[in-house]
Each structure stands twice: as C-alpha cells, then as structure tokens.
Amino acid sequence: MNLKKWTKQLIGIFLLILSSTPLQANFEKGKWPEYKEQVIQYLPRLEGWCTKEKAERLMNIIVNTSADMYVEIGVFGGSSFLPAIAALDYQNKGYGYAIDPWAVAPCLEGYDGENYAWWSKVNYEKILLGFVSSMKEANLEHRYWVLRMTSKEALSLFETDTIKVLHIDGQHSEVSSLFDVMHWLEKVAPNGRIIFDDANWPMTQKAVDYLLQHCTLDPDSYLGDPYLVFIKK
Ligand SMILES: C[S@@+](CC[C@H](N)C(=O)[O-])C[C@H]1O[C@@H](n2cnc3c(N)ncnc32)[C@H](O)[C@@H]1O
C-alpha cells in the first residue's frame, strides 16, 4: 500500500468536508459591548456595504428602543441585516423581514451608466445563497423571514403603525427612493426609527426632503451623512 498517497487523499477528503460544512458563529450573549464586537468581527464574511460604525449604530438603535420588529428594504448579502437580527436575538425577541427581489431587472430600473453596468452583472442566486447561509451559520434562522419581492410587492403584507425599525436601502433611483419613503412611512410605529441609506446621493434628495418634512431627524444624524436616522412623529 502506498501510505504517502493514502495520507494525501485522506487530508484532501478532510479539507473537502471542512470547506463544505458551514462554520458555526455562536455569538455568546454576555455583556452587550462584547456581543456587538463578536457580530462586528463577523461582518467581513458578508457581502454588502455596511460599515462597522453603521452596524454598531443599527444594533444600538434596536436595543435602545427595545425594538421587536425590523424591516429592511434592499438586503443584498445581509451586511446590515445580520447585525440587526443579532441585536433582536440578543434581546430574545422579535422578527426581521428581509425584502429584496434578488433579481437583476428590478435593480436596473431608473439607472444608467456605471450603476447600470455594475448591477447588471450581479449573480443574485449566489448573493442570496450566501446571505441565507450566513444567517444559518450565525444561528439566526429562527428570527427572520425572507420576502423575495420588491418593496412595492411587499407593502400590503404589513399593517399600519407596526414596524419598530425600518431600514430603507433598496432601489436608489429618484422614483423608487421616493416611493419607498412615501408608502412605507405609514407602516412605521409612532416613535419608530427609519434608517435611510445613501442619503447624500443627488437622486435620493427628494426622499430625504420627504422624511425631513414628516419625521424628526435623530439628534446624532447630520445632513450630508451617508445615512440618516429619523424618528417617526
Ligand atoms: C445597496 S444594496 C443593499 C445593501 C444592504 N442593505 C447592505 O447594507 O449591505 C440594494 C439592494 O436593493 C435591492 N433592490 C433593488 N430594487 C428593489 C426593490 N424594488 N425593492 C426592494 N429591494 C430592491 C437590490 O436587489 C439590492 O440587493
């Protein structure tokens, strides 16, 4: 028997099993700062645009307001969604709703140039699979629902005045961003929070103006920030 060959094959099989078994990320529920740190350490494994600072702010908003319902419009690989759901899980309560069509066509509406070229190349099946696997890996499966549809299609599934924290980060064109704020604001509970992403883009300014007229700007948010937090009156 060629021992060297067998050893090599065994190592190969072992590595294959290791790479196909999802890693478990058990966020230990000790003190809040340490818990957040574990979640933030996990962020680089997720596809998306959430910064460490934003992830921490999102988590703090959820825990400080004792929120039990989080809705995100435009989830992509879950880089904002996972920290938010981890914050719900820390409190042992609530559910999150992940709204995203994970499809090319809705993403291209109203875009041209660089934006159009970038979004038309996204492999959405891979992004969705990565998102769902990460949620499983982080043991957060029991705290969320996937709504694979556009924000317009999801609207009728939610009751008025119910959402405690709404994160709007879907289609950023002027028409879509304005649609999202105008139709989703009534779904947010009084005193609930609205996080509006890419608030410094020219095409989102009408949506920002609408939120400024109908909500209070969170004292820690400043016009010109990349995302803004609003409080529903
Ligand atoms: C900027 S990414 C979201 C990033 C994510 N929130 C994060 O923090 O990493 C925008 C997402 O909006 C989704 N999207 C596009 N059109 C949409 C629509 N009409 N309704 C909901 N989501 C939409 C896209 O599929 C894409 O995943």
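Note that ligands are numbered from 1 as they come in the structure, with each ligand's atoms numbered from 1 the same way.
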Between ligand 1 and Pro101, can you find any atom pair, the residue atom being a heavy atom, that is separated by under 4.0 Å?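 For ligand 1, residue contact (heavy atoms, under 4.0 Å) with Pro101 is present.
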Heavy atom of Phe81, distance to ligand 1 below 4.0 Å: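 Phe81 does not count as a contact of ligand 1 under the 4.0 Å cut-off.
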Measure from the ring center of Tyr210 to the ring center of Phe196 and say whether it is less than 6.0 Å.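 No, ring centres 6.0 Å or more apart.
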What's the shortest distance from [atom] to any protein heavy atom, and which residue and atom give it?
| atom | value |
| --- | --- |
| atom 16 (N) of ligand 1 | Gln171 CG, 3.3 Å |
| atom 19 (N) of ligand 1 | Thr150 CB, 3.6 Å |
| atom 20 (N) of ligand 1 | Ser151 N, 2.9 Å |
| atom 25 (O) of ligand 1 | Asp100 OD1, 2.7 Å |

From the options Asp197, Leu147, Asp169, select the one whose nearest heavy atom is closest to atom 10 (C) of ligand 1.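 Nearest option to atom 10 (C) of ligand 1, by heavy atoms: Asp169.
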Heavy atoms only: which of Pro106, Ala98, Ser80, Cys107 is nearest to atom 24 (C) of ligand 1?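 Checking each option, the heavy atom nearest atom 24 (C) of ligand 1 is found in Cys107.
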Any N or O on [X] sitting closer than 3.5 Å to an N or O of ligand 1?
| X | value |
| --- | --- |
| Lys54 | no |
| His172 | no |
| Trp102 | no |
| Ser79 | yes |
| Trp49 | yes |
| Gly74 | yes |

Would you say Lys233 has more than 12 foreign heavy atoms packed within less than 6.0 Å of its NZ?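 Yes - once you tally the heavy atoms of other residues, nucleotides and ligands closer than 6.0 Å, there are more than 12.
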Parallel, tilted or perpendicular, as decided by the 30° and 60° cut-offs, for the rings of [Y] and [X]:
| X | Y | result |
| --- | --- | --- |
| Tyr35 | Phe27 | perpendicular |
| Phe76 | Trp49 | tilted |
| Tyr144 | Phe81 | perpendicular |

Is there a side-chain contact between [X] and [Y] (heavy atoms, below 4.5 Å)?
| X | Y | result |
| --- | --- | --- |
| Leu211 | Leu217 | no |
| Leu155 | Trp184 | yes |
| Tyr111 | Met203 | yes |

Using a strict 4.0 Å threshold on nitrogen-to-oxygen distance, state whether Asp220 and Arg57 make a salt bridge.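 Salt bridge: no.
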Could you tell me which atoms of ligand 1, counted from 1 in the order shown, lie closer than 4.0 angstrom to a heavy atom of Tyr124?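 Selected atoms, number and element: 24 (C), 25 (O).
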Please classify the Val75 to ligand 1 contact at 4.0 Å (heavy-atom distances, strictly less than): side chain, backbone, both or neither.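 It is the backbone that touches ligand 1; the side chain stays farther off.
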Side chain, backbone, both or neither: which part of Glu72 has a heavy atom under 4.0 Å from ligand 1?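 Side chain only.
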